[in-house]
Amino acid sequence: MNEFSVTFVVGATSESEALISTVNFIMERCAPADVARVLIVRTQHAPPETLAAIEAMERRYPEKVRGMAQTRPYVGGAIRDGFDTAVSSHILLLPGDLAIGLDAVPLLIAAEKEAPDGIVKTSRWLNADAFHGYSRSRKFFNRCAQVFLRAAYRTRLTDLTNPVQIMPTALYKSVDWRELGFPFLAEMVLAPLRLGASFREIPAACYGRQEGKSSNSFLQTAMYLKTALRIRFTRPERLLKPQESGAPAARKGDL
């Protein structure tokens with residue numbers, strides 16, 4: 001593996017202050033050697049305040065921060081556009097709206113350094129008081145989804161729909177990703193899990209959106225189920241790109 005470094009992909013739709021806080025946190029709280037690039041991937045029609053925030057961060061950190069407009073459609077397309085540019089050993093996805101507590105970021109990196117071939121992800125369910133600004137119904141349906149997915153995938157992971165995680169770039173580039181919409185967020189976790197990748201979870205707080213407008217919907221969230229079932233009943237080798245000759249060794253009980 002190459003020397004450890006991370007490409008942070010930060011998604012931006014209509015954020016400004018939250019986006020600035022996210023980038024500043026990365027640059028101030030992470031070791032400079034660990035930060036290969038902070039790539040802010042924005043929608044084609046991002047508002048002026050979002051464009052201004054990206055430009056301000058590019059000026060403040062000209063060697064590290066870069067903005068780009070997505071070319072593929074939807075949220076999954078934006079993330080894939082960003083990850084496809086990575087030349088670092090690892091990649092880490094972060095939302096630009098402070099949906100996940102940033103204190104988890106240095107912990108993700110430290111844990112990944114201990115086992116750099118695996119994945120370390122955040123979990124909103126490891127701590128009882130992690131949810132902030134979530135309705136009771138939204139939290140209930142998320143809990144039900146986690147119970148279903150744990151049973152379907154025979155795993156002890158507690159948060160299978162939250163893709164704020166650090167993973168090897170080589171693993172990401174070996175997978176034949178299919179989703180472009182919100183189900184890609186689940187695919188990012190479930191496809192490596194089906195391939196037998198090792199996972200570790202750390203607790204993280206999560207927050208309802210305080211700035212901008214979410215483009216998610218109940219129907220889009222419901223589409224996670226279709227994606228989850230597709231991946232669960234696909235043979236692991238068929239989840240890989242055609243040129244890849246093999247998958248990571250699967251753990252007993254996961255297949």
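Only a predicted model underlies this, so the values are computations on that prediction, with no experimental measurement involved.
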Looking only at side-chain N and O atoms, does [Y] offer a donor or acceptor that is under 3.5 Å from a partner on [X]?
| X | Y | answer |
| --- | --- | --- |
| E187 | T227 | no |
| Y61 | N24 | yes |
| T234 | R178 | no |
| Q146 | T161 | yes |

Mind checking whether [X] and [Y] sit in one hydrophobic cluster, side chains of I, L, V, M, F, W, Y counted as touching below 4.5 Å?
| X | Y | answer |
| --- | --- | --- |
| F233 | L239 | yes |
| L149 | F131 | no |
| V9 | V175 | yes |
| Y153 | L126 | no |
| W125 | L160 | no |

How close do [X] and [Y] get, counting heavy atoms only, and between which atoms?
| X | Y | answer |
| --- | --- | --- |
| V41 | A78 | CG1-O, 3.4 Å |
| A104 | A204 | CB-CB, 4.0 Å |
| L102 | S21 | CD1-O, 4.0 Å |
| V189 | P163 | CG2-CA, 4.0 Å |
| L98 | Y207 | O-CD1, 3.6 Å |

*Of V23, V105, I91, the residue whose pairing with F8 passes side chain to side chain contact (heavy atoms under 4.5 Å, CB included)*: V105

_Residue among V164, L93, N162 satisfying side chain to side chain contact (heavy atoms under 4.5 Å, CB included) with K121_ = N162

Is there side-chain contact between [X] and [Y], with heavy atoms separated by less than 4.5 Å?
| X | Y | value |
| --- | --- | --- |
| V65 | I40 | yes |
| E112 | I109 | no |
| R238 | D176 | no |
| T155 | F199 | no |
| H90 | T7 | no |
| T169 | S88 | yes |
| E201 | D159 | yes |
| Q165 | T122 | no |

What distance do [X] atom [atom1] and [Y] atom [atom2] have between them, rounded to the nearest 0.5 Å?
| X | Y | atom1 | atom2 | value |
| --- | --- | --- | --- | --- |
| D97 | S14 | CG | OG | 8.5 Å |
| R200 | S123 | CZ | OG | 13.0 Å |
| F83 | K173 | CZ | NZ | 11.0 Å |
| I26 | D34 | CD1 | CG | 12.0 Å |
| L193 | R232 | CG | CZ | 9.0 Å |
| Y134 | N142 | OH | CG | 7.0 Å |

*Any chance you could lay out the side-chain contact (heavy atoms from CB on, under 4.5 Å) test for E15 and T13, step after step, and finish with the verdict?*
CA-CA 6 Å; E15 303 82 10; T13 53; 3.0 Å; yes

_As a quick check of understanding, evaluate side-chain contact (heavy atoms from CB on, under 4.5 Å) for I119 and S198, giving each step before the final call._
CA-CA 6 Å; I119 297 174; S198 64; over 6 Å; no

*Is the cationic atom of R143 (NZ for Lys, CZ for Arg) positioned less than 6.0 Å from the six-membered ring centroid of F140 and within 45 degrees of its normal?*
no

*Apply side-chain contact (heavy atoms from CB on, under 4.5 Å) to the pair T85 and L39, showing each step before the final yes or no.*
CA-CA 9 Å; T85 72; L39 182 63; 3.3 Å; yes

_How about CD on E28, more than 12 heavy atoms from neighbouring residues, nucleotides or ligands closer than 6.0 Å, or not?_
yes

So does [Y] get a backbone contact from the side chain of [X], meaning a donor-acceptor N/O pair under 3.5 Å?
| X | Y | answer |
| --- | --- | --- |
| E58 | G67 | yes |
| Q70 | I79 | no |
| E179 | L185 | no |
| N127 | D129 | no |

_Tell me every residue that passes side chain to side chain contact (heavy atoms under 4.5 Å, CB included) with A46, counting only those two or more places apart in sequence or in another chain._
R42, T43, T50, L51

*Carefully, step by step, assess V38 and M57 under the rule side-chain contact (heavy atoms from CB on, under 4.5 Å).*
CA-CA 10 Å; V38 179; M57 292 297 93; over 6 Å; no

*Would D84 and Y172 satisfy side chain to side chain donor-acceptor pair (under 3.5 Å), going step by step from the backbone distance to the final call?*
CA-CA 9 Å; D84 286 351; Y172 168 80; 3.1 Å; yes

*So W177 and F184, would you call those rings parallel, tilted or perpendicular, with 30° and 60° as cut-offs?*
perpendicular

_Check against side chain to side chain donor-acceptor pair (under 3.5 Å), S5 and E3_ = CA-CA 6 Å; S5 63; E3 186 175 353; over 6 Å; no

